[in-house]
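Read through the structure below, which is laid out as structure tokens, and then see the notes.
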Amino acid sequence: MEQASLRDLNEPLIDHAEGQFFLNEAFKIIMEEVLSNGTDVKQKVCEWKEPEELALLLDLGVRETGEPRDKLLQRVRDVAKYSVKTSHPHFFNQQYGGVDYHSLAGRFLTEALNTNLFTYEAAPVFVLMENEVLRGLRQLVGWTEGDGIFCPGGSTSNMYAMNLARYQRFPEVKSQGVWALPRLSIFTSPESHYSVKKGAAFLGIGLDNIIFVKVDDRGRLIPEDLDEKIELSKSQGAVPFLVSCMSGTTVQGVFDPLDHIADICDKHKLWMHVDACWGGSVPFSKKHRHLMKGVDRANSVAWNPHKMLVAGLQCSALLLKDTTNLLKQCHSANATYLFQQDKFYDVNLDIGDKSVQCSRKVDCLKLWLMWKAVGSMGLEERVDKAFIHARYLVEQMKKREGFQLLSMPEFVNVCFWFIPPSLRGKEGTEDYQEKLAKVAPVIKERMMKQGTMMVGYQPLGNKVNFFRVTVFSPLLSQKDMDFFLDEIERLGKDL
């Protein structure tokens, strides 16, 4: 027994040959189910199952003993089959989707290397790569110097900006906590992302101290009202410290007037943050970069290349104009087992203390490899083509009965109601809005259960449920735009 146990100790627990064979077979399934069938317009976007049925099909429970290879490969196939195909040309549901194969190769390589991006000794390639990619993104914003970091999503980037703005104004918060601070106030648009609320709650600032500024009829923040509300907040004993403005709102794709907002931030000495998670890619385009005019005057910018650029989830950058190492000052804990100051290389390359995380995934490789493959000109072409598709969709809607736009889109969000034949011409009736509100949910249920496409809907303010389609995937063609309109008509004509 002792000899047998000793032999066992001399053998690895994982059989490399078996493991690599399984991985190769699993990759074949991924290529077939996700990247071939999952991008084929003749195939379904989703295989809808009710939760109880899906749980039984997947046999989700874990057990004491492992399963044989064939059964595991079937599990891989089942997961692929019953997952939503976000790379499918008819997946319009979110502000991510499509596929870039160079980026995907970067994602595979990232997973295989399993690197933690915190010190140069552990991640030499990616410390240098992240710095270079961030430098390229800052240049597009208009900064020749600055700082930044890749974050686990745009919400985290927005929260980082909030934390940095507070620390710059009141550095004692790091040691003494929020009890040592006056009542702070944040200013943003009612169209802003919900992460502003989450950040205020998470950081102890409080939801009641978010002040929502009026917007115009298109949803753009009104600078004059911002100025008035800052003055009012001061008169009520609060200390304004941050304005969070939008470049590409989630629903309507609206861009706030950054230059005018920057004037007011300069006047009151407030940190100006731009949430450009959705719209941040327009600086690649010579035709459309004017939408973000004034962004170079901001203190920070959040930008998600996993959205319009299709870099793949997740790829979220926080960009800073700051050159004083504010990120590290605010977030550092100086863990001596990681960040020894007597290392044999430049310890400034140990970037981990800029983050509130210890384990931090490599998110720069997928963007770097894609950028290397297509260049800035290729990314510009993607942005421009997305605008062309959106304009085509709008023009086709105008030619068809039953499609009513909320407004002419500024970006690539097309928001509209579908008015079924039974409601046309009845706009003035008492229950019209109530009936219209039910149309989008029913059409959405039908498309999901048939698996033909996916598109989101929502109410907004006093506007009842409407569809929001975002068109940006490089896999899209005008045929897909036509299919989208035909399918909405088909699914809703009998309502």
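Residue indices begin at 1 and follow the sequence shown. This is a predicted model, so every value here is computed, not measured.
W417 contributes no side-chain N or O that, together with a main-chain N or O of L406, makes up a donor-acceptor pair within less than 3.5 Å. Panel note: side chain R360, backbone C151; no donor-acceptor pair is recorded below 3.5 Å. The backbone N or O of I205 lies less than 3.5 Å from a partner atom in the side chain of N209, making a donor-acceptor pair. Without hydrogens or angle criteria, S233 side chain to I230 main chain gives no donor-acceptor distance under 3.5 Å.
If you check the side chains of Y120 and D346, you find no donor sitting under 3.5 Å from an acceptor. In this structure, a donor-acceptor pair under 3.5 Å is absent between the side chains of S285 and K385. Side-chain contact annotation: K234 with H268, donor-acceptor N/O pair under 3.5 Å present. Looking at S316 and W303, their side chains never bring a donor and an acceptor atom within 3.5 Å of each other. Using a 3.5 Å distance cut-off with no hydrogens or angles, the side chains of K444 and N465 do not pair a donor with an acceptor.
A salt bridge does not link K328 to D147: none of the charged side-chain nitrogens sits closer than 4.0 Å to a carboxylate oxygen. The pair E130-R135 fails the salt-bridge criterion, with no side-chain N (NZ, NE, NH1 or NH2) lying under 4.0 Å from an Asp/Glu carboxylate O. Electrostatic pairing of R218 and E410 does not count as a salt bridge here, judged by no charged N lying under 4.0 Å from a carboxylate O. With salt bridges taken as basic N to acidic carboxylate O contacts below 4.0 Å, one links D486 and R400.
Within the structure, the side chain to side chain donor-acceptor pair (under 3.5 Å) test picks out the following pairs touching residues 468-477 (sequence neighbours left out): S477-D480. Applying the side chain to side chain donor-acceptor pair (under 3.5 Å) test to every pair with at least one member in residues 269-279, sequence neighbours left out, gives these pairs: N158-H273, N158-D275, W271-S300, H273-S300, W278-N413.
Considering V173, L164, N325, D353 in turn, L164 is the only one that fulfils the side chain to side chain contact (heavy atoms under 4.5 Å, CB included) rule with C330.
The minimum heavy-atom distance between L203 and R166, with the atom names listed, is O-NH1, 2.7 Å.
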Can you list, pair by pair, the side-chain donor-acceptor contacts under 3.5 Å of residues 252-263, counting residues two or more places apart and other chains?
unit_1	atom_1	unit_2	atom_2	d
D256	OD1	L221	N	2.9
D256	OD2	M246	N	2.8
D259	OD1	R297	NH1	3.1
D259	OD2	K293	NZ	2.5
D263	OD1	R297	NH1	3.0
D263	OD1	R297	NH2	2.7

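Taken to the nearest 0.5 Å, the CD atom of Q139 stands 11.5 Å off from the CD atom of E145. Put simply, OH on Y96 and CZ on F472 are 9.5 Å apart, with the number rounded to the nearest 0.5 Å.
The aromatic rings of F416 and F403 are tilted relative to each other, their planes meeting at an angle between 30° and 60°.
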Evaluate side-chain hydrogen bond (donor to acceptor under 3.5 Å, both in side chains) for T250 paired with Y194, printing each intermediate quantity in order. CA-CA 10 Å; T250 306; Y194 63 81; over 6 Å; no

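Here F418 and F466 keep their ring centres 6.0 angstrom or further from each other.
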